[in-house]
Amino acid sequence: MKKNLVKIIAVLVVGFASILAYQQLVKKDGEVGEKVIHVQIIDKSVEPEKVILNESFNTDALTLEEFLTELSNNGKIKLETATSAYGKMITGLGSENLLFGDGTDNKWWSYSSLDNQSCAEFGYCDGMSILNIEDGNHFIFTLEKY
């Protein structure tokens, strides 16, 4: 009887440990699975402003960086990033042509989302490397001249 009880407890401990290990592998409670993300790229550095891209994409990426990299690798967008003290930042983005916003000519890329939980909660979006994306999110990428 005691041997069976020890076996059952051992199985439960191994099962619990497996669940904890899986949760650690899934980044910061990111939404796993297929998602539809809407992307809008706007160039506000020109008059009149120009919509470069306005399209929805399917993905199973967890973070905004993974999603943008996936789109770039699949030829859906052109993307250039740089690593700074604050993490990765977008220095070039576009659909057919790469538009640079790396500080030259006082142009910068920014992004926002009104329906991403983290962006809405804090009033700004985290760095693209740690920003988890959720099904139905709509991200607006804006090139502006200051």
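All of these numbers come straight from a predicted model, not from anything done at the bench.
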**OP:** Assess whether side chain to side chain contact (heavy atoms under 4.5 Å, CB included) is satisfied between Asn97 and Lys78, documenting all intermediate values.
**Re:** CA-CA 7 Å; Asn97 298 315; Lys78 296 193 182 303; 5.8 Å; no
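- Hydrophobic clustering places Phe57 together with Ile52 (ILVMFWY residues linked when any side-chain heavy atoms are closer than 4.5 Å, directly or through intermediates).
- Residues that satisfy the salt bridge (Lys or Arg N to Asp or Glu O under 4.0 Å) test with Lys107, not counting sequence neighbours, are absent from this structure.
- With 3.5 Å as the limit, one finds no donor-acceptor pair spanning the side chains of Glu144 and Ser45.
- The hydrophobic cluster containing Met89 does not contain Leu64, counting ILVMFWY residues as joined when their side-chain heavy atoms lie under 4.5 angstrom apart, directly or transitively.
- Formation of a donor-acceptor pair under 3.5 Å by the Asp115 side chain with backbone atoms of His138 is found in this model.
- With rounding to the nearest 0.5 Å, the separation of OG in Ser95 from CG in Leu71 is 12.0 Å.
- With hydrogens and angles left out, the side-chain atoms of Ser113 and Asn137 include no donor and acceptor closer than 3.5 Å.
- No hydrogens or angles considered: a donor-acceptor pair under 3.5 Å links the side chains of Asn54 and His38.
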**OP:** Tell me, with the steps shown, if Asn132 and Thr63 meet side-chain hydrogen bond (donor to acceptor under 3.5 Å, both in side chains).
**Re:** CA-CA 4 Å; Asn132 289 318; Thr63 65; over 6 Å; no
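- The aromatic rings of Phe139 and Tyr111 stand perpendicular to each other, their planes meeting at an angle above 60°, with 30° marking the opposite boundary.
- The cluster map of Ile, Leu, Val, Met, Phe, Trp and Tyr, joined by side-chain heavy atoms under 4.5 Å apart, puts Leu53 and Leu79 in the same cluster.
- A donor-acceptor contact shorter than 3.5 Å links the side chain of Glu66 to the backbone of Leu62.
- A donor-acceptor distance shorter than 3.5 angstrom exists from the side chain of Thr91 to the backbone of Glu80, with no hydrogens or angles considered.
- Of the possible polar contacts, none joining the Ser72 side chain to the Leu68 backbone as a donor-acceptor pair under 3.5 Å is found.
- Residues Ile42 and Ile77 fall into different hydrophobic clusters, defined by Ile, Leu, Val, Met, Phe, Trp and Tyr side chains chained together at heavy-atom separations under 4.5 Å.
- Taken from OG1 in Thr59 to CD in Glu70, the straight-line distance is 3.5 Å, to the nearest 0.5 Å.
- Distance CH2/Trp109 to CG/Leu143: 4.5 Å, rounded to 0.5 Å.
- A salt bridge does not link Glu134 to Lys35: none of the charged side-chain nitrogens sits closer than 4.0 Å to a carboxylate oxygen.
- In the hydrophobic clustering of ILVMFWY residues, with side-chain heavy atoms under 4.5 Å counting as a link, Trp108 and Leu131 come out apart.
- Here the side chain of Asp135 pairs a donor or acceptor atom with the backbone of Val36 at under 3.5 angstrom.
- Minimum heavy-atom separation, Ser112 to Cys125: CA-SG, 3.8 Å.
- Summarising the geometry, atom CG belonging to Leu98 is positioned 7.5 Å from atom CG belonging to Leu93; distances are rounded to the nearest 0.5 Å.
- To the nearest 0.5 Å, atoms CD1 (Ile90) and CE (Met128) are separated by 5.0 Å.
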